[in-house]
Every structure is written in structure tokens, then in C-alpha cells.
Number of protein chains: 2
Amino acid sequence: MPAPTTAEAATSSQPTAGNGVERLYSTDLASEIEFLTARARSLGSGRANNMLAELDLKVRSYSVLSLACSGQNPSQRELADFLSLDPSQIVALVDQLEKRGAVTREADPRDRRSKVIAPTAAGRRLYKRAEAIVQQASDHSLSALNEQERETLRDLLRRIAF
Amino acid sequence: MPAPTTAEAATSSQPTAGNGVERLYSTDLASEIEFLTARARSLGSGRANNMLAELDLKVRSYSVLSLACSGQNPSQRELADFLSLDPSQIVALVDQLEKRGAVTREADPRDRRSKVIAPTAAGRRLYKRAEAIVQQASDHSLSALNEQERETLRDLLRRIAF
DNA sequence: AAAATATGATTGACTTTTTCAATCATATGG
DNA sequence: CCATATGATTGAAAAAGTCAATCATATTTT
């Protein structure tokens with residue numbers, strides 16, 4: 001087995017824990033922001049998905065539920081645009097949430113083609129629980145950063161994400 | 001047609017351009033770091049994939065090629081660990097790159113089960129070109145940030161990505 | 001107003017990506 | 001030597017993403 005180049009301690013999370021991959025930390029790829037973003041997201045949503053499984057939710061369905069509960073009365077089209085998903089994927093996600101009684105499709109008086117996604121009382125309760133879980137997952141994923149650093153990260157990301 | 005709530009100008013990129021989704025920018029979801037990370041990555045790798053298409057590469061194959069060219073002589077197992085991919089996905093990626101003559105599988109004298117992925121001369125040339133394209137794509141995706149902010153972002157991401 | 005055109009939701013087909021279990025060859029620890 | 005673990009590979013199945021077509025309703029044009 002090839003010996004690790006630099007003796008890197010297990011400072012942070014537990015992702016590739018134990019593996020002998022530290023050798024690749026020094027590559028060009030490992031310092032590309034795009035790569036780091038992809039990796040951070042993979043780790044983060046992986047953990048969130050695992051933890052949300054206990055509510056039979058995934059990050060996707062959580063996102064839809066969250067927007068439904070936002071008070072902004074999003075239509076399916078808006079959900080698709082905002083979440084960068086195909087409208088047909090929204091149909092499937094809303095179907096699931098509707099089937100379990102968490103949201104309803106309300107007619108939009110302004111445009112009868114459009115369906116506004118609204119939460120039920122049960123949906124709001126579900127969202128409350130899911131929100132707490134996502135918060136926990138996020139706390140775990142971001143444990144290496146203090147509150148100020150998280151705020152900085154949030155701002156920087158917001159500027160490249162919109 | 002529902003009128004936009006706040007008149008937000010097209011300050012940044014061109015993602016959800018023109019859409020009336022600005023209303024959702026103020027939701028809780030829109031300020032979750034995990035959500036922003038996912039969105040940034042989706043936009044970034046989307047653009048990179050589009051631009052890499054001219055070399056018949058994707059972000060995935062580019063990453064493998066990049067690590068092959070890193071001088072770190074990664075094995076397939078290491079690529080799988082580092083890229084958080086299933087070993088079978090690495091097989092497919094390396095197959096493609098090998099078929100087009102960009103990399104080879106070299107036997108590892110230390111462990112004859114293991115295959116070290118090495119670039120060919122053509123592979124290095126391909127990587128050079130791909131690197132330039134990815135750099136361009138990245139520049140575009142990160143255009144809202146100055147050099148110092150990019151450095152900050154890189155550091156913060158590195159700390160949560162490893 | 002009627003006709004033409006555009007848009008939101010939905011469906012279905014199809015491709016790609018992900019995830020898993022099984023297998024073979026080789027290592028490693030007893 | 002035996003038992004067990006690991007790297008690469010294959011193949012199957014599940015999930016996610018992409019696209020074109022359709023229906024109902026809006027909007028625009030003539």
C-alpha cells in the first residue's frame with residue numbers, strides 16, 4: 001500500500017474517512033472551486049438525504065415542501081424554474097406530497113392553467129420536523145465553520161447561485 | 001399573468017433569467033447554504049458540461065483525466081473515493097478515456113489487483129485544452145466575485161468538502 | 001371576435017446516472 | 001495453508017434527467 005505523502009490528520013468530517021486519498025488533496029482539481037462546490041454539495045445532500053429518510057423525504061421533496069410553506073404561493077412552473085427542475089419532475093414531486101396529504105394543488109384565479117402548491121396542516125407539521133432535521137444535517141456538514149464564516153459562505157454562494 | 005412582486009433587475013448571471021421567480025429569493029430555502037451550494041454546483045457544472053462538450057468530455061471525465069495528469073498516479077479505487085463515485089462508474093469513465101487513447105491502465109507492482117491510471121501524450125494535450133475550457137467556464141460562473149472573494153470561497157469550501 | 005400563438009400542467013418514452021450484488025484475481029492475517 | 005478482505009469488473013435494477021406531444025387556458029394578432 002502506498003504511503004500517504006503528507007501526514008494529514010482527520011481534522012474535519014467523516015467523508016472519505018480512513019481512506020488513503022489525502023495524497024490527492026494537493027492536485028489542481030482539488031482546489032478548483034467548481035470541484036469543491038460539487039463535493040460539498042454531494043456530501044451535504046447525501047447526509048441530508050440520509051437523515052430525511054426517517055420522514056420519508058429527500059432534499060428534493062423537502063425543497064418543494066419548504067417553498068409550499070414559504071407563504072409565497074408558488075406555482076408548479078415557479079417551482080420548476082427556481083429549483084432548476086423539469087416541470088415533469090415537479091409533477092412527480094407534488095404528486096407524492098399530495099398523496100401523503102402534505103400539500104394541495106389550488107387553482108389560481110388569475111390563471112386557471114396554473115396550480116398553486118399550498119401546504120396542509122399536516123404538511124406544515126411535517127415541514128417543521130423536516131426543517132429541524134435539515135438544520136441538524138447542515139450543522140454537521142458545516143461544523144468546520146463558525147457562524148461568521150457560514151454567513152460569509154452564504155453570501156458568496158448567493159452571489160454565484162442567482 | 002401574475003405581476004412580479006419586487007422589481008429586481010438582472011444583476012447577475014443568466015440562469016433563471018427573465019423568469020418571475022425573484023419572489024422566491026426571500027424564502028428560507030433560498031438562504032440555506034446547502035441549497036445555495038446545490039444551485040451553484042448545478043449552474044456551474046451545467047455550464048462546464050456545455051463547454052466541455054466540444055472536446056467530447058464532461059465534468060466527470062475531465063475530473064478523471066485531471067487526476068490522471070496530476071502526477072499522483074491514482075488507482076481506480078482512489079479515484080472512486082476521491083470523486084465519491086461508485087467503483088463501477090470509474091470503470092466506465094476510464095473505459096471511455098482509454099478507448100479514445102487519453103489514458104492507460106498500468107499495473108501497480110505493489111498490488112497486482114490495482115490499476116493505476118496514467119495519461120498518454122494525447123491525454124495530456126487533451127487535458128491542457130480541457131483545463132482552459134474549464135477555467136473559462138469557471139470564470140464565467142464566478143464572474144460576480146473578485147479574486148479575493150474567490151480565494152475566500154475556495155478556502156471555506158475546502159474546509160467543508162474534506 | 002376569430003384565428004394564431006404561447007404557456008402551465010401532464011403524460012410517456014427514452015437516456016443517463018446511481019446504487020447494489022455477485023464474481024474473479026490477488027493480498028493479507030492468522 | 002486457510003480464511004478473510006480488497007480492487008476491478010460486470011450486470012441488473014432504481015432513480016433522476018431530458019424531450020416531445022397533448023390538453024386546457026391565456027395572450028396576441030388580424
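Order of the sequence lines sets the chain letters (A, B, ...), proteins ahead of strands, with each chain counted from 1.
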Would a line drawn from the ring center of A:Tyr62 to the ring center of B:Phe35 be shorter than 6.0 Å?
no
A:Ser138 side-chain N/O to A:Val134 backbone N/O, donor-acceptor pair under 3.5 Å:
no
Provide, to the nearest angstrom, the distance between the CG atom belonging to A:Asn49 and the C1' atom belonging to D:dA15.
12 Å
Looking at residues at least two apart in the chain, or sitting in another chain, which of them share a side chain to side chain contact (heavy atoms under 4.5 Å, CB included) with A:Arg105?
A:Gln76, A:Val94, A:Asp95, A:Glu98, A:Lys115, A:Ile117
For the side chain of A:Arg150 and the backbone of A:Leu142, is there at least one donor-acceptor N/O pair under 3.5 Å apart?
yes
Is there a path of hydrophobic side-chain contacts, each under 4.5 Å between heavy atoms of I, L, V, M, F, W or Y residues, that connects B:Leu57 with B:Val91?
no
Return the polar atom pairs (N/O with N/O) between nucleotides 12-17 of chain C and the protein under 3.5 Å, or none.
{"residue": "C:dT17", "atom": "OP1", "partner": "B:Lys58", "partner atom": "NZ", "Å": "3.1"}

How close or far is atom P of D:dT10 from atom CD1 of B:Ile90, stated in whole angstroms?
14 Å
Between B:Arg105 and D:dT9, is there a side-chain N or O to OP1/OP2 distance below 4.0 Å?
yes
How many Å lie between CG on A:Leu83 and P on D:dA16, as a whole number?
14 Å
Rounded interatomic separation in angstrom, taking CG from A:Leu93 and P from C:dA9:
14 Å
With respect to the side chain of A:Pro87, which nucleotide from C:dT10, D:dT10, C:dG8 is positioned closest?
C:dT10
Same cluster (ILVMFWY, side-chain, under 4.5 Å), A:Tyr25 and B:Leu156
yes
When the ring planes of B:Phe82 and B:Phe162 are compared, do they come out parallel, tilted or perpendicular, using 30° and 60° as the limits?
parallel
Between B:Phe82 (CZ) and D:dG7 (P), how many Å, whole number?
17 Å
Minimum heavy-atom separation for A:Ser31 to B:Arg158, with atom names?
CB-NH1, 3.5 Å
Protein-nucleotide distance (B:Asp95, atom CG; D:dT10, atom P), rounded to Å:
6 Å
Can you name the side chain to side chain contact (heavy atoms under 4.5 Å, CB included) partners of A:Asn73, sequence neighbours left out?
A:Val116
A:Ser26 meets the side chain to side chain donor-acceptor pair (under 3.5 Å) criterion, sequence neighbours left out, with none
Between the axis at one end of the helix from C:dA1-D:dT30 to C:dG30-D:dC1 and the axis at the other (five pairs apiece), what's the angle to 10 degrees?
30°
Measure all distances between protein nitrogen or oxygen atoms and nitrogen or oxygen atoms of nucleotides 21-24 of chain D, and list the pairs falling under 3.5 Å.
none

For A:Ala118 versus A:Glu106, what's the shortest heavy-atom pair and its separation?
CB-CG, 3.8 Å
Could you check how far CG of A:Leu85 sits from C1' of C:dT10, rounded to whole Å?
16 Å
For A:Arg77 and D:dA26, give me the distance from atom CZ to atom P, rounded to whole Å.
17 Å
